[in-house]
Protein chains: 2
Amino acid sequence: MKLSTRTRYGFRAIMELAEDYGHGPLQLNVIAKRQDISLKYLEQLMAVLKSAGFVRSVRGAKGGYILAKAPNQIKLSDIFNALEGPIVTVECVGDKSQCSRAVDCVTRELWMQVQDAIEKVLELMTLHLQELADKAQKSKMSSYQI
Amino acid sequence: MKLSTRTRYGFRAIMELAEDYGHGPLQLNVIAKRQDISLKYLEQLMAVLKSAGFVRSVRGAKGGYILAKAPNQIKLSDIFNALEGPIVTVECVGDKSQCSRAVDCVTRELWMQVQDAIEKVLELMTLHLQELADKAQKSKMSSYQI
DNA sequence: TGTATTCCTACTTCATTAGTAGTATATACA
DNA sequence: TGTATATACTACTAATGAAGTAGGAATACA
């Protein structure tokens with residue numbers, strides 16, 4: 001179980017926007033250069049983040065992306081869900097009809113508990129971007145490579 | 001983030017062995033038939049479980065597989081680790097040299113916390129197979145499809 | 001010896017991830 | 001109004017890993 005680059009890159013991009021919050025739109029080529037991500041790939045990730053409502057875009061010259069909410073209102077678990085998708089241990093946890101034995105299934109119960117626990121963790125681990133951005137700015141290298 | 005069939009099938013096989021514990025070796029073709037898993041694929045999964053020390057094998061006619069430890073000594077988290085591999089959010093969590101910015105990295109710290117939390121959950125969720133097997137046997141359908 | 005079983009290795013197929021590419025569309029600004 | 005600068009959209013490609021198939025060798029029982 002590893003994080004995809006989607007999640008890692010997307011998170012980095014969000015961090016850049018958070019740090020830049022209040023200074024108007026930030027261009028993807030700037031983020032791409034700073035974070036060493038392919039611009040074209042980043043465009044696609046941003047489309048996901050945009051449709052998920054985390055960022056707004058401004059087209060044309062001097063355009064770019066802006067956080068849709070204030071940094072301190074965007075949670076890690078939200079971003080995680082948008083980019084990585086929901087945590088699913090096994091199909092039958094979300095959809096009983098996936099398996100004919102689900103009704104009596106003992107381990108389905110078990111996996112449900114595991115899944116709930118992980119989701120709660122991510123909920124609890126939800127850090128406000130502002131905190132991270134602040135910390136990153138204090139750090140000499142201003143680094144938050146993920 | 002979804003469980004692989006490796007983990008699901010492997011877990012089912014372990015459950016079969018747990019239920020059968022004390023009755024000599026159980027053949028893979030029996031497990032394959034009961035759990036509707038390809039025998040050839042199951043063979044490969046069992047090789048993993050064997051090298052991880054969860055099962056012992058007996059070759060030749062009347063051979064098969066036996067749990068290496070008593071069911072109540074095998075934990076879910078162990079099996080999970082053997083089949084699914086360790087939980088790794090990002091490479092740099094386990095190996096700082098993966099990323100030049102790791103030393104000062106703020107979000108590396110964050111992902112480390114996430115990872116630790118998930119691992120603790122799996123540790124806590126560790127159920128003894130005996131309990132599951134007992135429950136499964138009480139259930140009319142004796143089902144534990146994962 | 002014959003049959004049943006694990007063991008070992010290689011191959012195939014499919015889906016997903018990661019990334020590239022080209023073009024259309026919108027906007028600022030000279 | 002023309003041009004440079006952005007995002008938007010769609011299609012394609014390459015690499016990787018997951019899932020499964022296949023064949024035969026080694027082993028042990030009867």
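Letters A, B, ... mirror the listed sequences (proteins, then strands); counts begin at 1.
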**Q.** Spacing of B:E43 atom CD relative to D:dA26 atom P, expressed in whole Å
**A.** 16 Å
Q | Distance in angstrom units between A:Q27 CD and D:dT7 P, rounded | A | 6 Å
Q) If you round to the nearest 0.5 Å, how far is CG of A:L17 from CZ of A:R56? A) 11.5 Å
Q.
Counting only side-chain heavy atoms from C-beta out, which of D:dC29, C:dA28, D:dA6 sits nearest to A:A61?
A. C:dA28
Q.
Without decimals, in angstroms, what is the distance between A:L3 CG and C:dA18 C1'?
A. 15 Å
Q: Drop me the distance from A:L49's CG to A:F54's CZ, to the nearest 0.5 angstrom.
A: 7.0 Å
Q: Would you indicate, yes or no, if C:dT20 has its OP1 or OP2 atom less than 4.0 angstrom from a side-chain nitrogen or oxygen of A:S38?
A: yes
**Q.** Chi angles and distances behind the side chain to side chain donor-acceptor pair (under 3.5 Å) call for A:Y9, A:S4
**A.** CA-CA 9 Å; A:Y9 292 176; A:S4 64; over 6 Å; no
Q: Please state how far atom OH in A:Y41 lies from atom P in C:dT16, giving the value in whole angstrom units.
A: 14 Å
Q: Using atom CD1 of A:I66 as one end and atom C1' of D:dA6 as the other, report the distance to the nearest whole Å.
A: 13 Å
Q: Take the protein atom CG of B:L42 and the nucleotide atom C1' of D:dA22, then report the distance between them rounded to whole Å.
A: 16 Å
Q) Does a salt bridge link B:E16 with B:R34, judged by any charged N lying under 4.0 Å from a carboxylate O? A) yes
Q: Could you state the atom-to-atom distance from NZ of A:K50 to C1' of D:dA6 in whole Å?
A: 12 Å
Q) Can you tell me how far C1' of C:dT20 sits from CG of A:L28, to the nearest Å? A) 16 Å
Q: Report yes if a side-chain nitrogen or oxygen of B:N29 is closer than 4.0 Å to either non-bridging phosphate oxygen (OP1 or OP2) of C:dA4; otherwise report no.
A: no
**Q.** 5′-ward residue of the pair A:K40/A:K62 relative to DNA chain D
**A.** A:K62
Q.
Any side-chain N or O of A:S4 below 4.0 angstrom from OP1/OP2 of C:dT17?
A. no
Q: Ignoring backbone atoms, establish whether A:S57 has a side-chain N or O less than 4.0 Å from OP1 or OP2 of D:dT7.
A: no
Q | Residue mapping more 5' on DNA chain D - nearest nucleotide basis, B:R6 or A:Q44 | A | A:Q44
Q: Look at B:Y65 and C:dC7 and indicate whether a side-chain polar atom (N or O) is within less than 4.0 Å of OP1 or OP2.
A: yes
Q) Is there a donor on the side chain of B:R59 or the base of D:dA26 sitting less than 3.5 Å from an acceptor on the other? A) yes
Q.
Just N and O in the side chain of B:Y9: are any of them under 4.0 Å from OP1 or OP2 of D:dA19?
A. no
Q | Side chain to side chain, B:I31 and B:L39, heavy atoms closer than 4.5 Å | A | no
